[in-house]
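This report refers to the structure that appears directly beneath it.
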Amino acid sequence: MPHSTVFSFTDPYTYQQAVRAAAADIFITSPGQFRAELTQIDLYRLWLQRGRESLPRAAKVANVANRQPVLFLAHDRQGPLVFGRQVLVPGEIMIYARGSEHYQRSSTGVGWAAMSLTPDDFAALGRAIAGGDLTVPASNRVIRPPPLLMERLLRLHSAAGQLAATAPEILTHPEVARAIEQELLRAMVGCLIEGLGQREKPMHDRRLPVMQRLERLLEANADSPLYLAEVCAATGVPARTLRQHCLEHLGMGPHQYLWLRRMNLARRSLTMSDGTATTVTAIANDHGFAELGRFAVAYRRLFGEAPSATLRRPAERPRDLVSDHPMPRLPILP
């Protein structure tokens, strides 16, 4: 049965867990208080997601193999999403290779929109609407559909999100859901067919194997701090080479990335821990921060609150959240 849900978040870890059809590791990269909204809509075959995030961040994303997603920016005037050397700007669509792994980063708050089908439905849709298979690319691709087609897709996706936020019961009506799904599918196929007829912009992933080794190492030590020397030894590349790889995919050097990772892991521990059973000092020390004063200053600057405030606050549960307050407006480009 068609349904929809709107969530709000102040914790990036809880937010990343709620995103569907992908496993995401999100690291906040600029100071401030994180806020996000996530809208999820299930129609019959089509899944929709819309996200709004208030702060710049870097993310490692692994898409599931049993859904074929496309992604685009939800607003005309906002900062881009950067995928290594590739930049996704308003008016373009990212078509992912099946089960792809990639990095993405933003320099401002960002609003994004996604649609996904099973691979079989994706192929059948191409035959039904376009008279031929929609070929899933071997590597992630960015296309730029004609503006009128892209505007229609944006408008339909936004309208579905508005219904989920203001009148979700309408989306549960079978015929309304069917009509919305068909319009969205036609708009998506039109954009893909026309966009793929233009020159494609391939993803540059020649450095990805080293980054994959880095991420495998991080996954194997998910709850433990890591440092540059041991990372270089484990990945088999010198610090200078690793720095070049990290700058290309993450927009920052490995030292800063590992520091941000430790800060985010510390915040996760503070969020999930019982304040009566542990202390900020213990958690800071567990994540390699020996000087509590410096840790507290850096933590407040990055996350917008003292670590003791995070420890006292009850853990966030995404399924219980409703957007009671409007998100701040996303930063707008001049």
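When a residue number appears, it is its place in the shown sequence, counting from 1. Since this is a predicted model, take the numbers as computed values, not measurements.
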Can you check whether [Y]'s main-chain N or O pairs, donor with acceptor, with [X]'s side chain at less than 3.5 Å?
X    : Y    : value
E101 : Q212 : no
Q49  : V19  : no
H75  : R77  : no
H157 : A114 : yes
R213 : T235 : yes
R262 : H287 : yes
E181 : L43  : no
Q40  : F7   : no
S158 : L154 : no

* If you draw the axis of the six-membered ring of Y13, does the NZ or CZ of R267 fall within 45° of it and under 6.0 Å from the ring centre? -> no
* Asked: On the ring face of F27, is R261 found with NZ or CZ under 6.0 Å from the centre and within 45° of the axis?
  -> no
* Under the salt bridge (charged side-chain N to carboxylate O under 4.0 Å, His left out) test, residues paired with R300 that sit two or more places apart -> none
* Cluster check F303, L292: I/L/V/M/F/W/Y, side chain < 4.5 angstrom -> yes
* To do: Go through the side-chain N and O atoms of E305 and T310 and say whether any donor and acceptor fall under 3.5 Å apart.
  => yes
* To do: Measure the acute angle between the ring planes of Y15 and F34, then classify it against the limits of 30° and 60° as parallel, tilted or perpendicular.
  => tilted
* For N66, does the CG atom sit with more than 12 other heavy atoms under 6.0 Å from it, leaving out its own atoms? -> yes
* Asked: Crowded around R105 CZ? As in, over 12 foreign heavy atoms under 6.0 Å?
  -> yes
* Structure fact -> So SG of C232 and CG of L217: to nearest 0.5 Å the spacing works out to 10.5 Å
* Asked: For the residue pair Y96 and H102, is the inter-centroid distance of their aromatic rings smaller than 6.0 Å?
  -> yes
* Asked: Salt bridge check: are R20 and D42 linked by an N-O gap of less than 4.0 Å?
  -> yes
* R186/E183 ion pair, N-O < 4.0 Å -> yes
